[in-house]
Every structure is written in C-alpha cells, then in structure tokens.
Amino acid sequence: MPYLGSTPNASFSSRTKQDFTANGSTTAFTLSSAVASANDIEVFVGNVRQEPTDAYTVNGTTLTMSEAPETGLNFYVVFKQLEENSVVPADGTISTAKIVDNAISTAKIASSAVTDAKIAGMAASKLTGALPAISGAALTGISSPTKDYARVTFSGPNVAHGTVTVQTPTLRAESNNFTIANTSQIIPSVAGDYLVVYQAGCSLTSSGGYTPTSYIYKNNSVWASFNDIKNYAGGSNLGFPTAVSIVSMNGSSDYFKFAIYTNSSATGTSTYGTAVMIRIAD
C-alpha cells in the first residue's frame, strides 16, 4: 500500500480476529468494528467457516447467526478488511540467518538464560582470565566428616588360664557418640562401618611357649580373632597380637566387646590395653 513520506524498510500485516463465547441460545453478537456486508468478515463455528448471508448476516456492528452456536464450540470472526500493519516482526518470524554475526551483546542476554546445558558444550579455549575465588560456604552436597570415634583403655580383669576374658573398658575424654553399658559393651550411636584396632597385654610369672589370642566381638559373637605363638621368659609383660577389622554397626543395639586368652598355666595379672573405633563410612 502507498505511504505518505518515507516508506518503511519492511512492513508486517495480520488480520484482526475477534472471539465470541457460544452458549447455545444467543444469536446476536456485537462486532468490535462495523462492516458493510457479510462478505467483509469470515465467521467460524467449531473451526468451520460459515456461509455468508445464509449462516449469518451483519448490520454495522451487529452479527446475527441464523442458528445459535452450540456451547463449547470455537466461535470467532476474522475481519477481511482490517489489517494491522507494523514494522515489528511477528513472533516466530526471525531466523538465525537474519541475525548479523556478533550483533547480540552480553547485555542482551539474561543471566537466567545461560543454563548448564548451554555451558556443557563450551570449548576450553573460550575460558580465559583468572578464576574467581571459591568460597566453601557456596558448596552444596558436601558433608563435613563427623567425629564418630572412640578410644577406650583397659585395666582388668586378670586373665585366667585357658579362659577367654572380656576386658573392662574406660571411655576416654576424646571419644564422641559412644557410650558404655553393662560394664563391657561399647555402643556407637551412629550407624556405619567402623575401623577397629585393639591391642592388649598382661604380666605372667611363669615362662614357656604360649598362644596369646585377641578377640573383637560384635554383640555376643566373635567378629575377628588374632593369635600368635610366643616363647615367654616370664616375669615381664606378655603382649597379645594386634587385632584389626572393619565392623558394620546399626547405631542403636549393636555394640563392641574385646577379650583376650592365654594358655599359660599361670594367671595373667596387671592386664592393660587400648582400642580405637572410627566410623569410616555410612
């Protein structure tokens, strides 16, 4: 169409559309713009175009249907002579080929528009400059190690000949999330897998060859045992083998116990020892 003054570089047009609500009884509707005849508009009922003058008539801004459109049907009018002209492109009409290279600056890109999916394919050559300092407070999904461990020491009872003797523990101050019950039961309050290290000794008056044995118990069952053969001269301390194991505990009813055994003909006195239990996994 002709223009007064300078002609725009580009023009985009679209026809005007008006929607109505059908209720199954109303036949007269008001148009947003007056038209001269029924041929100046296109009427659609249920997305089916209607016959001008037969299915509908117009008089200025009044549209009269020969039959009331049924409730729920799409009912709308397209004005054939009313076109909206604009130099603004319609949505979805600009392709990437129409955008000049390097025309979009970072100021035009919203921060929320740069998603992980957009970053995943970025080449390493695009990453330049100094990296920002990383604050540990900003890290998520990382839990700091918990202090679920205990150290106990033992000072009795005496080790009777040929008898497995459960030792009496004392919980040290540096222990955390452990309690002692029923004299010898060491109970962790956090479930997980625990690394256990146990070492003990005693004093014997007699000499000879002995088989000292160390035991780690889970509840009332032997979880691990370690023995050795030693030729003991007597009158000094007899060391028992160091016992090491990993034990899974439920954090409520499970408990540790530690015991020693010797086949000496004499009773072991002045028993001593220590055990360490550290949670290493959930």
Side-chain angles (χ1 to χ4, degrees), residues 136-137 139 141-206 210-230 232 234-282:
L139 299 177
I142 300 176
S143 58
S144 57
T146 56
K147 297 180 179 179
D148 304 320
Y149 54 79
R151 184 174 76 89
V152 297
T153 55
F154 305 99
S155 58
N158 293 336
V159 186
H161 163 67
T163 302
V164 175
T165 303
V166 176
Q167 293 200 277
T168 302
T170 298
L171 196 63
R172 310 312 298 181
E174 62 268 26
S175 303
N176 195 58
N177 293 330
F178 277 78
T179 57
I180 292 178
N182 299 321
T183 306
S184 61
Q185 298 172 1
I186 306 166
I187 306 172
S189 61
V190 180
D193 296 334
Y194 286 79
L195 173 65
V196 183
V197 181
Y198 167 51
Q199 192 172 40
C202 69
S203 177
L204 287 174
T205 57
S206 62
Y210 302 118
T211 306
T213 305
S214 304
Y215 296 91
I216 297 174
Y217 279 77
K218 176 181 177 180
N219 303 328
N220 279 323
S221 300
V222 175
W223 181 266
S225 63
F226 299 83
N227 55 46
D228 197 2
I229 297 176
K230 292 188 176 183
Y232 178 61
S236 62
N237 291 335
L238 172 67
F240 289 77
T242 299
V244 180
S245 188
I246 295 176
V247 187
S248 179
M249 308 295 280
N250 63 14
S252 57
S253 60
D254 286 343
Y255 57 86
F256 295 103
K257 287 198 306 185
F258 298 92
I260 50 179
Y261 165 87
T262 176
N263 59 352
S264 167
S265 59
T267 296
T269 60
S270 302
T271 56
Y272 61 91
T274 186
V276 176
M277 295 141 282
I278 304 172
R279 186 169 71 91
I280 59 173
D282 293 331

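Basis for what follows: all heavy atoms, side chains included, without hydrogens, waters or symmetry-related copies. Numbering starts at 1 and runs along the sequence shown. Note that the coordinates shown come from a computational prediction; the quantities given were computed from them, not determined experimentally.
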Report summary line: Rounded to the nearest 0.5 angstrom, the NZ-OH distance for Lys257 and Tyr215 is 13.0 Å

Query raised in the report: Is there a side-chain contact between Asp254 and Lys218, using heavy atoms and a 4.5 Å cut-off?
Result: yes

Requested in this report: Would you check if the side chain of Ser175 reaches a backbone N or O of Arg151 as a donor-acceptor pair within less than 3.5 Å?
Outcome: yes

Query - Residue pair Pro157 / Thr165, side-chain heavy-atom distance below 4.5 Å - result: yes

Report summary line: Interatomic distance, CZ@Arg172 vs OG1@Thr153, rounded to 0.5 Å, equals 4.0 Å

Query raised in the report: What's the verdict on side chain to side chain contact (heavy atoms under 4.5 Å, CB included) for Asp193 and Val247, showing C-alpha distance, side-chain angles and the deciding distance?
Result: CA-CA 6 Å; Asp193 296 334; Val247 187; over 6 Å; no

Requested in this report: Using modelled atom types only, decide if a donor and an acceptor are shared between the side chain of Asn176 and the backbone of Lys147 within a distance under 3.5 Å.
Outcome: yes

Query raised in the report: Is there side-chain contact between Leu195 and Val244, with at least one heavy-atom pair below 4.5 Å?
Result: yes

Report summary line: For Trp223 and Ile246, the nearest pair of non-hydrogen atoms, with its separation, is NE1-O, 3.2 Å

Query raised in the report: Heavy-atom distance under 4.5 Å between the side chains of Ile180 and Ile187, does that happen here?
Result: no

Query raised in the report: Below 6.0 angstrom between ring centroids: does that apply to Phe178 and Tyr194?
Result: yes

Query raised in the report: Between atom CZ of Arg279 and atom OG of Ser248, what is the distance when rounded to the nearest 0.5 Å?
Result: 11.0 Å

Requested in this report: Side-chain contact test, heavy atoms from C-beta onward, threshold under 4.5 Å: evaluate it for Asn250 versus Ser252 and give yes or no.
Outcome: yes

Query raised in the report: Which heavy atom in Leu171 sits nearest to a heavy atom in Ala150, and how many Å separate them?
Result: CD1-CB, 4.0 Å

Requested in this report: State whether the side chain of Ser184 and the backbone N or O of Val166 hold a donor-acceptor pair below 3.5 Å, judged by distance alone.
Outcome: no

Query raised in the report: What is the minimum heavy-atom distance between Ala259 and Val164, and which atoms define it?
Result: CB-CG1, 3.8 Å

Query raised in the report: Is a side-chain donor-acceptor pair under 3.5 Å present for Gln167 with Tyr198?
Result: yes

Report summary line: So CG of Asp282 and CG of Asp148: to nearest 0.5 Å the spacing works out to 9.0 Å

Report task. Supply the atom-to-atom distance Ser214 OG to Phe240 CZ, rounded to the nearest 0.5 angstrom. Result -> 6.5 Å

Report summary line: When rounded to the nearest 0.5 Å, the distance separating OG1 of Thr163 from CG of Asn263 is 11.5 Å

Report task. Using modelled atom types only, decide if a donor and an acceptor are shared between the side chain of Asn219 and the backbone of Tyr255 within a distance under 3.5 Å. Result -> yes

Query raised in the report: Under 30°, 30 to 60°, or over 60°: which ring-plane class applies to Phe258 and Phe256, parallel, tilted or perpendicular?
Result: parallel

Query raised in the report: If you look at every heavy atom in Cys202 and Thr271, which pair is closest and at what distance?
Result: CB-CG2, 3.7 Å

Requested in this report: Find out whether Val159 and Thr267 are in side-chain contact, i.e. whether some heavy atom of one side chain is under 4.5 Å from a heavy atom of the other.
Outcome: no

